[in-house]
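Let me begin by presenting the structure, written as structure tokens, before commenting on it.
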Amino acid sequence: MGQVDQKTMTNKVPDHGPKHVAIIMDGNGRWAQMRGKPRLFGHHAGAKRIREIVEACPDQGVKYLTIFAFSTENWKRTQAEVAGLMRLFRAYIQHEARDLFQRGVRVRFIGDRIKLDDKLVSLMDELELLTAGNDRVHLTIALNYGGRDEVTRAAQRLAYEIEMGRLSYKDVDAETLAKFLDTHVLPDPDLVIRTSGEARISNFLLWQSAYAEYEFIDTLWPDFTEAEFARIVGAYGTRDRRFGAVKA
Ligand code: FPP
């Protein structure tokens, strides 16, 4: 829980903290293997962790949380694991939709939906629609997402607009390109956390994280807690972000 302001009796949230936190939820497989269980057991345990972290966001002043659920490279896993993950995404949406709605969470999905099955895509559409009026926390789930793929799709759409004569090549700058990204309605992440000890960004939010701070932690995702999240978010406030400039 955040610190309570004695005068207003409301949670005191540091306004210099990160507004948008993105998480690479890694380590489910190892967590399961350490317990002698199949990898999918770890993914199920990982899915259960999401609720606690979403719920911790308002107390920490985090308005936007973006989580990496399935990458454009994850199709290379065994057919059984991919199928199990797809079943898990469907079940997650079906079981969590009502609760997410009631807790004021606005859910969005980023990534290319073209390779996802129709049933999953319609559940994703329904959840986005159901929660479209919410504003307490903005949860974005990256599903069949890859940063390079996203920028490529954006460039393709931009080229199409030029071909149709609706834009000129002279209009192409960073701001215009960003409008064609899946994340066009979101602010850039301030902080990217990756669990499980790997110090890689694995094609996650490449464009958007140009100035993000990174935090790589050893904890495996199914062991990640609200307390650790709060510690990392709190430590962010002490960092000196200059966005390439020299401090005045
Ligand atoms: C990486 O761990 C994790 C994934 C590829 C899937 C992430 C999915 C979840 C956390 C659960 C489901 C999410 C939703 C939104 C319902 P890994 O398998 O690469 O772990 P390893 O590196 O230990 O093998």
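Both ligands and their constituent atoms are indexed starting at 1 by order of listing. These figures come from a predicted structure and were not determined experimentally.
A cation-pi geometry, defined here as NZ or CZ lying under 6.0 Å from the six-membered ring centre and within 45° of its normal, does not hold between Arg77 and Trp75.
Among protein heavy atoms, the minimum distance from atom 20 (O) of ligand 1 is reached at Gly29 N, 3.0 Å. Nearest protein heavy-atom neighbour of atom 3 (C) of ligand 1: Met25 O, 3.2 Å. At the top of the distance list for atom 22 (O) of ligand 1, counting protein heavy atoms only, stands Arg30 NH2, 2.9 Å. When hydrogens are left out, the protein atom nearest atom 9 (C) of ligand 1 is Asn28 ND2, 3.5 Å; that is the closest non-hydrogen contact. Among all non-hydrogen protein atoms, the one lying nearest atom 4 (C) of ligand 1 is His43 CE1, 3.9 Å.
Of the possible donor and acceptor atoms, one in the side chain of Arg49 sits under 3.5 Å from a partner among the backbone N and O of Phe224. In this structure, the side chain of Thr131 does not engage the main chain of Asn134 through any donor-acceptor pair within 3.5 Å. At least one donor-acceptor pair closer than 3.5 Å links the side chain of Asn74 to the backbone N or O of Ser71.
Every atom of ligand 1 is numbered from 1 in the order shown, and the set under 4.0 Å from a heavy atom of Phe89 is 12 (C), 13 (C), 14 (C), 16 (C). Of all atoms in ligand 1, numbered sequentially from 1 with element shown, those under 4.0 Å from a heavy atom of Ala69 are 6 (C), 7 (C), 8 (C), 15 (C). Below 4.0 Å from some heavy atom of Asn74 lie the following atoms of ligand 1, by number and element: 5 (C). Close approach of ligand 1 to Trp221 (heavy-atom distance below 4.0 Å) involves ligand atoms 10 (C). Within ligand 1, the atoms closer than 4.0 Å to a non-hydrogen atom of Ile50 are 13 (C), 14 (C), 15 (C), numbered from 1 in the order shown.
Looking at Ala47 next to ligand 1, no N or O pair under 3.5 Å apart turns up. Between Tyr92 and ligand 1, not a single N/O pair is under 3.5 Å apart. Where the criterion is an N or O separation shorter than 3.5 Å, residue side chain and backbone included, Gly46 fails it with respect to ligand 1.
Proximity of Trp31 to ligand 1, defined as any heavy-atom pair under 4.0 Å, is not found for any part of the residue. Proximity of Arg39 to ligand 1, defined as any heavy-atom pair under 4.0 Å, is confined to the side chain (atoms from C-beta onward). Of all the heavy atoms of Leu143, none lies under 4.0 Å from any atom of ligand 1, so neither backbone nor side chain is involved.
The pair Arg39-Glu81 meets the salt-bridge criterion, since a charged nitrogen lies less than 4.0 angstrom from a carboxylate oxygen. For Lys76 and Glu73, the salt-bridge test fails: no basic side-chain N is under 4.0 Å from an acidic carboxylate O. One finds a salt bridge joining Asp125 and Arg113 here, because a Lys/Arg side-chain nitrogen approaches an Asp/Glu carboxylate oxygen to under 4.0 Å.
Residue contact check for ligand 1: Ser196 places no non-hydrogen atom closer than 4.0 Å to it. Close to ligand 1: Arg77, with a non-hydrogen atom less than 4.0 angstrom away.
In summary, the side chains of Glu150 and Gln208 do present a donor paired with an acceptor at a separation below 3.5 Å, with no hydrogens or angles considered. Looking only at atom types and distance, the side chain of Asp190 has no donor-acceptor partner in the side chain of His20 under 3.5 Å away. Checking Glu52 against Thr225 by side-chain atom types alone, no donor-acceptor pair falls below 3.5 Å. With hydrogens and angles left out, the side-chain atoms of Arg194 and Ser202 include a donor and acceptor closer than 3.5 Å.
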